[in-house]
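Notes follow the structure.
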Amino acid sequence: MDNNNKDTVSKEINNEAGNISEVICDRIAQLRKRDKLSQEALANMLGITFQAVSKWENNVSCPDISILPNIAKVFNVPIGWLFGEDAYNEELNADRQASDNNGLNDENIIHCDWENDDTVRVVVARGHKLIKSQELNENIKQFVSVGLNTNIDGGKIESQLTICIPQETEVSNSSFTAGANINCGDITDGGTMTAGANINCGDITDGGAITAGNSINSQDITDGGTISAGSSINCGDISEAGVVSAGNYIQCGDISECDKVEAHGSINCGDISGCSNVAAKDKIICGDISDCGEIDFGKNN
């Protein structure tokens, strides 16, 4: 083969490779837009930078061949389709997409673009897409629960639903986030809990941030961090806590050695001692008060 023929063959090979690269990049962009993923979200799912995705879609570079199986898996397409094969029927895929949505608006559907860490996440999905917690039927949120039956130390659990932890299960130095309720035994050693509705638990000891959108119903709160409820706190004694705050009322036993205890409604408690600040916008009904800083009895005392 003379040099002219060699150059011609070389150019044809390069052109074909360039065409394949362009097809791959164009189809990745098409799939990303189809699934309404940002470049950053896709990058997080693939463990790469969003700049790499941007370069693909602008035909500056092409994905390494080793990552193509992961891309095909993310978008649920045959890998050959990325190379330009037509075996994958886009019309069928459009039907699948419509079935997945099942009447939900696109803005009410989210994708799995979180970090690939050790967090255990429990979600509700329709097809291959996740449904936001606020779009779930209340009956589903309240009565479908996640049960955890082993001792939990240093774990991180996230659920759109209710998290149920048996009373005998020890929970320490762990983080829980629930779209509905958290039902558990004692919380110890810096555990943090966030519930969209209620937290129903045993003692809270050496706790971190305990936050409920509605109510916190517990036994004693000791050495706690920030205890906050959108509505009410119903508990035993509160001692050596940081900030204890309720959007409505606090009903408890004795309150002692706390930085701040406040309610936008009323506080109904036993004795109050050694506290820096205790305040209620409505009224405080209590036993004896001793060695305290500022006490605001509210407008109705």
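In what follows, every heavy atom counts, from backbone to side chain, and hydrogens, waters and symmetry copies are set aside.
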4.5 Å side-chain heavy-atom contact, [X] and [Y]:
{"X": "I48", "Y": "V53", "result": "yes"}
{"X": "I71", "Y": "W56", "result": "yes"}
{"X": "D237", "Y": "I221", "result": "no"}
{"X": "Q251", "Y": "S266", "result": "no"}
{"X": "N214", "Y": "S231", "result": "yes"}
{"X": "L82", "Y": "L31", "result": "yes"}
{"X": "L42", "Y": "V74", "result": "yes"}
{"X": "F75", "Y": "L37", "result": "yes"}

Checking [X] now: which residues fulfil side chain to side chain contact (heavy atoms under 4.5 Å, CB included) with it, not counting sequence neighbours?
{"X": "K73", "answer": "none"}
{"X": "N183", "answer": "T162, C164, N181, N200"}
{"X": "C62", "answer": "S21, I24, C25"}

>> Once side chain to side chain donor-acceptor pair (under 3.5 Å) is applied, do any residues pair with S290, and if so which ones, sequence neighbours excluded?
In response: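 Partners of S290 by the side chain to side chain donor-acceptor pair (under 3.5 Å) criterion come out as none, since no residue qualifies.
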> With sequence neighbours left out, what residues match T194 under side chain to side chain donor-acceptor pair (under 3.5 Å)?
Replying inline: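 By the side chain to side chain donor-acceptor pair (under 3.5 Å) rule, T194 matches no residue at all.
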For [Y], does its backbone N or O pair with a side-chain atom of [X] as donor and acceptor, under 3.5 Å?
{"X": "D203", "Y": "D220", "answer": "yes"}
{"X": "N248", "Y": "G265", "answer": "no"}
{"X": "D64", "Y": "S66", "answer": "yes"}
{"X": "D271", "Y": "D288", "answer": "yes"}

Can you name the closest pair of heavy atoms from [X] and [Y] and give their distance?
{"X": "I267", "Y": "V278", "result": "CD1-CG1, 3.9 Å"}
{"X": "V77", "Y": "R34", "result": "CG1-NH1, 4.4 Å"}
{"X": "G253", "Y": "C269", "result": "O-CB, 3.3 Å"}
{"X": "D296", "Y": "I284", "result": "O-CD1, 3.2 Å"}
{"X": "I233", "Y": "S245", "result": "CD1-O, 3.5 Å"}
{"X": "H264", "Y": "G247", "result": "CB-O, 3.0 Å"}

Euclidean distance, [Y] [atom2] relative to [X] [atom1], rounded to 0.5 Å:
{"X": "I289", "Y": "I295", "atom1": "CD1", "atom2": "CD1", "answer": "5.5 Å"}
{"X": "I216", "Y": "C201", "atom1": "CD1", "atom2": "SG", "answer": "7.5 Å"}
{"X": "N277", "Y": "E262", "atom1": "CG", "atom2": "CD", "answer": "7.5 Å"}
{"X": "T49", "Y": "Q39", "atom1": "OG1", "atom2": "CD", "answer": "10.0 Å"}
{"X": "N44", "Y": "F50", "atom1": "CG", "atom2": "CZ", "answer": "10.5 Å"}
{"X": "I199", "Y": "I210", "atom1": "CD1", "atom2": "CD1", "answer": "6.0 Å"}

>> Using side-chain contact (heavy atoms from CB on, under 4.5 Å), reason through N59 and D26 one step at a time and then give a plain yes or no.
In response: CA-CA 8 Å; N59 288 308; D26 287 347; 3.9 Å; yes
> Out of curiosity, does L46 fall in the hydrophobic cluster containing W81 (side-chain heavy atoms, cut-off under 4.5 Å, transitive links)?
Replying inline: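 Per the 4.5 Å side-chain linkage, W81 and L46 are co-clustered.
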>> For a side-chain contact (heavy atoms from CB on, under 4.5 Å) check, start with the C-alpha distance between C292 and I272, then their side-chain angles and the critical distance, and finish with the verdict.
In response: CA-CA 8 Å; C292 290; I272 302 176; 3.6 Å; yes
> Should S273 and D291 be marked as a side-chain contact (heavy atoms from CB on, under 4.5 Å) after you check the CA-CA gap, both sets of side-chain angles, and the distance that decides it?
Replying inline: CA-CA 6 Å; S273 62; D291 300 323; 5.6 Å; no
> Who pairs with E57 by salt bridge (charged side-chain N to carboxylate O under 4.0 Å, His left out), at least two apart in sequence or on another chain?
Replying inline: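 Residues passing salt bridge (charged side-chain N to carboxylate O under 4.0 Å, His left out) with E57: R32.
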>> Working note: K283 + F297, criterion side-chain contact (heavy atoms from CB on, under 4.5 Å); need CA distance, chi angles, decisive distance, verdict.
In response: CA-CA 5 Å; K283 59 185 175 182; F297 285 94; over 6 Å; no
